[in-house]
Structure formats: C-alpha cells, structure tokens
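Since the structure comes first, as structure tokens, the remarks are kept for the end.
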Amino acid sequence: MSNKELNFEINILPILDILSVLICFLLLTAVWIQIGTLDTKQAIGDNSTAGAKNPPSLWVTMAADGGVQLSLRDLPQAKVLESRITKSTKGVNWEALEGKLKALRDQYPDLKTSVVRPEANTSYGDVIRVMDRLKQSAFEGVGLSPLG
C-alpha cells in the first residue's frame, strides 16, 4: 500500500437545504389537514349492546331540488314527527330551516343527534351548509348517511 492519504469531504449543505424545505412542507400539510376536518359519526351500524335504546335523533333528508324533510325518530313518546321545508327560488330555504331547527331544539332539549341524508344529485355545498347549521344549532352528533 502506498502512503497516500485519502482526503475527501462530503458537502452536506445541499442535503440540509432539501431537508429544511421538506420540513416546511410537512408543517404546512399538518396544519391544513387539521383545519379541513369535520367530525361526523357513522349513521348506520350495529349497536354494541343488544337491546340498547337509541337516543332521540333528527333525520334531515335533502332532495336535489332544494327541498328538505325533517324527521324526529326514537322519541320517548314512540312516535315519528315529520315536517317538510319547501325549497326557495335559490334552492334550500335557509331561514325556514334555521327557524325549524331552533323550534325543535326548544321543544326537545335532549335532542342532540342528527343524521343528514342527501339524495345522489344534491349539491355538496348544500350538504355542508346543512351540517354547519346543525352544528350551530347545538347538535353534538352530526352524521352523514347515504339515501337508499
């Protein structure tokens, strides 16, 4: 072997530049994922306890033309109450929906669960607005269920 020394240097500055950019992307992605979430519950499923009683719930069925039907289910009086909100010229009648939600919350204070059931051609924006209105009306559990 010869007495030559092996001198070499690894330039790690470009690697550090790439890592710093990747960390920035990671942090931005984590922030936007947290902002864009909406908590929902599964509307259809098996009860974990046999014979368990379901809490009172409000089922909101949305038609593609903007009509909304509200159904109260699992009430202690063992009856189903239904009401229909007719569409306005611009689609969903938001004022009538808010008024009806407020009246239902005042009449049934233990009503905390709701399920939104849109038809296949219902506007996605309308579905999200209905879910927002339910959350604003103090419904703790808002679920989404396909119609069918």
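Predicted, not measured: the structure shown is a model, and the values here were computed from it. Scope of the values below: all heavy atoms of this structure, side chains included, with no hydrogens, waters or symmetry mates.
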Contacts of Asp110 meeting salt bridge (Lys or Arg N to Asp or Glu O under 4.0 Å) (sequence neighbours excluded), chain-then-number -> none
Which of Arg133, Lys112, Lys135 passes side chain to side chain contact (heavy atoms under 4.5 Å, CB included) with Val142? Answer is Lys135
Rounded to the nearest 0.5 angstrom, the CD1-CD1 distance for Ile18 and Ile12 is 12.5 Å
Exercise. Taking 4.0 angstrom as the limit, do Asp126 and Arg129 come out as a salt bridge?
Worked result: yes
Quiz prompt | Side chains of Val116 and Met62 in contact at under 4.5 Å (non-hydrogen atoms) | solution = yes
Here the gap from Leu104 atom CG to Phe139 atom CZ, rounded to the nearest 0.5 Å, amounts to 6.5 Å
Rounded to the nearest 0.5 angstrom, the CG-CD distance for Asn93 and Glu98 is 10.0 Å
Requested in this report: Report yes or no: do Thr61 and Trp59 form a side-chain donor-acceptor pair below 3.5 Å?
Outcome: no
In terms of heavy-atom contacts, Gly67 and Asp65 come closest through N-OD1, 3.1 Å
Heavy-atom closest pair (Ser145 atom, Pro118 atom, distance to 0.1 Å) is O-CD, 3.5 Å
So CG of Leu144 and CD1 of Ile128: to nearest 0.5 Å the spacing works out to 7.5 Å
- request: Determine whether Leu13 and Ile10 fall in the same hydrophobic cluster, where Ile, Leu, Val, Met, Phe, Trp and Tyr are linked whenever their side-chain heavy atoms lie under 4.5 Å apart.
  value: no
Rounding to 0.5 Å, atoms OG1 (Thr29) and CG (Leu22) come to a distance of 10.5 Å
Shortest non-hydrogen pair, Ser114 vs Leu134, comes out as OG-CD1, 3.5 Å
Between the CG atom in Asp106 and the CG atom in Leu101, the distance rounded to the nearest 0.5 Å is 11.0 Å
Could you tell me whether the side chain of Leu70 reaches within less than 4.5 Å of the side chain of Ile85, counting heavy atoms only?
yes
